[in-house]
Enquirer: 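One structure coming up, written as structure tokens, with questions to follow.
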Amino acid sequence: MPNMLLPPEERNLTPDQVAALDKRRFRGLKLQVMGGILGIMATLLTVWAGQDFTYDPGWIHPMGYYMIVAGILSLVCIVAGTVMRKGTPEFD
């Protein structure tokens, strides 16, 4: 009898499919961690980016661009990791 606490699409998986599902969720967790680290880096870069946008002339603002890229990558990693981790965890 299948476990009724699991979502319907996960109730009758083979052992290989369960292993693939666990790998996918683990990769999702890795992406979430990477996104969190990038978010912290983007937050710290705001100090230098503020000075960069204020004092550098023209369009040359490397620290500002690094902050923007780190922030966008952070959001992409967190969203992708959350999508990969969807479903019920291995242990409830």
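For this chain, numbers begin at 1 and follow the sequence in order. If you're wondering where the values come from, they're calculated on a predicted model, not measured in any experiment.
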Enquirer: Write out all pairs satisfying side chain to side chain donor-acceptor pair (under 3.5 Å) with one or both partners inside residues 66-84, taking only residues at least two apart or from two chains.
Expert: Gln32-Thr82
Enquirer: Is Phe26 atom CZ crowded by more than 12 heavy atoms from other residues, nucleotides or ligands, each under 6.0 Å away?
Expert: no
Enquirer: Is Met67 linked to Val69 within one hydrophobic cluster, defined over Ile, Leu, Val, Met, Phe, Trp and Tyr using a side-chain heavy-atom separation of less than 4.5 Å?
Expert: no
Enquirer: Scan Ile68, Asp56, Leu45 and name whichever one has a side-chain contact (heavy atoms from CB on, under 4.5 Å) with Met63.
Expert: Leu45
Enquirer: Could you tell me which non-hydrogen atom of Ala42 sits nearest to which non-hydrogen atom of Gly71, and how far apart they are?
Expert: CB-N, 3.8 Å
Enquirer: Are Leu44 and Leu73 connected in a single hydrophobic cluster, I mean Ile/Leu/Val/Met/Phe/Trp/Tyr linked by side-chain heavy atoms less than 4.5 Å apart?
Expert: no
Enquirer: Can you see which heavy atom on Tyr65 is nearest to which on Trp59, and at what distance?
Expert: OH-O, 2.7 Å
Enquirer: Looking at Asn12 and Gln17, what are the two nearest heavy atoms and their distance?
Expert: O-OE1, 4.3 Å
Enquirer: With rounding to the nearest 0.5 angstrom, report the NZ to CZ distance, Lys86 to Arg25.
Expert: 9.5 Å
Enquirer: In terms of hydrophobic clusters joined by side-chain contacts under 4.5 Å, are Leu75 and Met34 together?
Expert: no
Enquirer: Which pair of non-hydrogen atoms, one from Gly81 and one from Leu31, has the smallest distance, and what is that distance?
Expert: CA-CB, 3.8 Å
Enquirer: If I take atom CE from residue Met84 and atom CG from residue Leu21, how far apart are they, to the nearest 0.5 angstrom?
Expert: 10.5 Å
Enquirer: Rounded to the nearest 0.5 Å, what separation is found between the CD atom of Gln51 and the OG1 atom of Thr46?
Expert: 10.5 Å
Enquirer: Any chain of hydrophobic side-chain contacts (each under 4.5 Å) joining Phe53 to Ile72?
Expert: yes
Enquirer: At their closest point, which heavy atom of Leu38 faces which heavy atom of Ala70, and how far apart are they?
Expert: CB-O, 3.9 Å
